[in-house]
Asker: 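One structure coming up, written as structure tokens, with questions to follow.
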Amino acid sequence: TNAVNSPVDLLFELTVQKATQGITFAAIADQVTTNAIGLSATASSALPVSFSVWSGPAQLSDGTNLTFTGAGVVRVVAAQGGNGNYAAAPAVTNAFTVTKSVQASLVFNPASPQTFGSNQVLSASGGSGSGAFSYALVDGPGVVQGDQLSLKSGTGSVHVQATREADVLYYARSVTAEVVCARAIQT
């Protein structure tokens, strides 16, 4: 009762929880195989967000540059692992579809007219990607074998189709041309 200024030692244990955080990662629109995207997301903590390709035909370069290696569904994950003050944020996944791109125009101009009984080597150029060229007779008195066009008549015309085949990035592309049949000169 007469104690004045009695020192008392008290021991306390204080536990400080890390703060929570979230990630804002806007949806990614569907893409075509030849696009490239710069990824962007923010964490409510203002800490940097990292990205990874969880699945699908895509690859990252420099941490945020997304390109595509084919068609399919791509899933990209945004993550922030936390630090001494913030707990890891729940990862956010965006999924979107990548479709093949349309090839550039083809150039196909077979010689016309072509004389009955003669052969012509067909050749086309343009398009996009690595697909091979192929040729087919659409109609008319002719035959296409490989890249060779032979006429079976000296009158009328034939329609021949050139196609650059599809590859992992591009759809196939075709173009049709007309070759007029000319009579052979008698000797």
Asker: Test of understanding: with side chain to side chain donor-acceptor pair (under 3.5 Å), list the residues that count as partners of Asp167, not counting sequence neighbours.
Answerer: Ser130

Asker: Thr163 vs Ser134, test: side chain to side chain donor-acceptor pair (under 3.5 Å). Steps then yes/no.
Answerer: CA-CA 5 Å; Thr163 300; Ser134 63; 4.5 Å; no

Asker: With a 4.5 Å cut-off on side-chain heavy-atom distances among I, L, V, M, F, W and Y, is there a chain of contacts connecting Val98 to Val76?
Answerer: yes

Asker: If we ignore hydrogens and angles and just use 3.5 Å, is the side chain of Thr33 paired with the main-chain N or O of Leu169 as donor and acceptor?
Answerer: yes

Asker: Please determine whether side-chain contact (heavy atoms from CB on, under 4.5 Å) holds for the pair Glu13 and Thr15, giving the CA-CA distance in whole Å, both sets of side-chain angles, and the decisive distance to 0.1 Å.
Answerer: CA-CA 7 Å; Glu13 186 174 310; Thr15 302; 4.2 Å; yes

Asker: Do Val160 and Val144 make a side-chain contact, defined as non-hydrogen atoms from C-beta onward lying under 4.5 Å apart?
Answerer: yes

Asker: Roughly how far, to the nearest 0.5 Å, is the NE2 atom of His159 from the CG atom of Asp139?
Answerer: 5.5 Å

Asker: Given side chains that start at C-beta, do those of Val53 and Arg75 come closer than 4.5 Å, heavy atoms only?
Answerer: no

Asker: Using every non-hydrogen atom in the two residues, find where Ala43 and Gln21 come nearest and quote the distance to one decimal.
Answerer: CB-OE1, 3.5 Å

Asker: Treating Ser101 as the side-chain partner and Thr34 as the backbone partner, does any N or O pair qualify as donor plus acceptor under 3.5 Å?
Answerer: yes

Asker: When rounded to the nearest 0.5 angstrom, what distance separates CG in Leu149 from CG in Leu151?
Answerer: 5.0 Å

Asker: Do Phe25 and Val77 come within less than 4.5 Å of each other through their side chains, counting heavy atoms only?
Answerer: no

Asker: What orientation do Phe108 and Tyr135 show, parallel under 30°, tilted 30 to 60°, or perpendicular over 60°?
Answerer: tilted

Asker: Using 0.5 Å steps for rounding, measure from the OG1 atom of Thr67 to the CG atom of Leu60.
Answerer: 8.0 Å

Asker: Nearest 0.5 Å, what's the CD-CG distance between Gln161 and Leu106?
Answerer: 10.0 Å

Asker: Is the closest side-chain donor-acceptor distance between Glu178 and Ser157 under 3.5 Å?
Answerer: yes

Asker: Using the rule that Ile, Leu, Val, Met, Phe, Trp and Tyr join whenever any side-chain heavy atoms are under 4.5 Å apart, tell me whether Val158 and Phe116 fall into a single cluster.
Answerer: no

Asker: Please report the interatomic distance CG(Leu66) to CD(Gln59), rounded to the nearest 0.5 Å.
Answerer: 8.5 Å

Asker: Closest approach of Thr69 and Ala58, non-hydrogen atoms and distance?
Answerer: OG1-N, 3.9 Å

Asker: Out of curiosity, Lys100 NZ to Tyr170 OH, how far, rounded to the nearest 0.5 Å?
Answerer: 11.5 Å

Asker: Answer yes or no: is there a donor N or O on one side and an acceptor on the other, between the side chain of Ser52 and the main chain of Trp54, under 3.5 Å?
Answerer: no

Asker: Tell me whether Ser112 contacts the main-chain N or O of Val180 through its side chain, where contact means a donor paired with an acceptor under 3.5 Å.
Answerer: yes

Asker: With Phe68, which of Val168, Thr99, Ile37 fulfils side-chain contact (heavy atoms from CB on, under 4.5 Å)?
Answerer: Ile37

Asker: Identify whether Val32 and Phe96 are in the same connected component of the hydrophobic contact network (ILVMFWY, side-chain heavy atoms under 4.5 Å).
Answerer: no

Asker: Within a strict 4.5 Å, meaning less than it, do heavy atoms of the Pro48 and Gln80 side chains meet?
Answerer: yes

Asker: Using a 4.5 Å cut-off on heavy atoms from C-beta on, say whether the side chain of Ile23 contacts that of Pro90.
Answerer: no

Asker: Whether the side chain of Arg164 engages the backbone of Ser174 through a donor-acceptor N/O pair (distance < 3.5 Å, no angle test) should be reported.
Answerer: no

Asker: Do the non-hydrogen side-chain atoms of Gln148 and Leu122 ever get within less than 4.5 Å of each other?
Answerer: no

Asker: Is the shortest side-chain heavy-atom distance between Cys181 and Pro113 below 4.5 Å?
Answerer: no

Asker: Considering only heavy atoms from C-beta outward, does the side chain of Lys18 approach that of Asn85 to under 4.5 Å?
Answerer: no

Asker: Set out, in order, the CA-CA distance, both residues' side-chain angles and the distance that settles side chain to side chain donor-acceptor pair (under 3.5 Å) for Ser128 and Gln103, then state yes or no.
Answerer: CA-CA 5 Å; Ser128 307; Gln103 290 190 37; 5.2 Å; no

Asker: If we ignore hydrogens and angles and just use 3.5 Å, is the side chain of Gln120 paired with the main-chain N or O of Ala111 as donor and acceptor?
Answerer: yes

Asker: What's the shortest heavy-atom distance between Pro57 and Gly72, and which atoms?
Answerer: CG-N, 3.9 Å

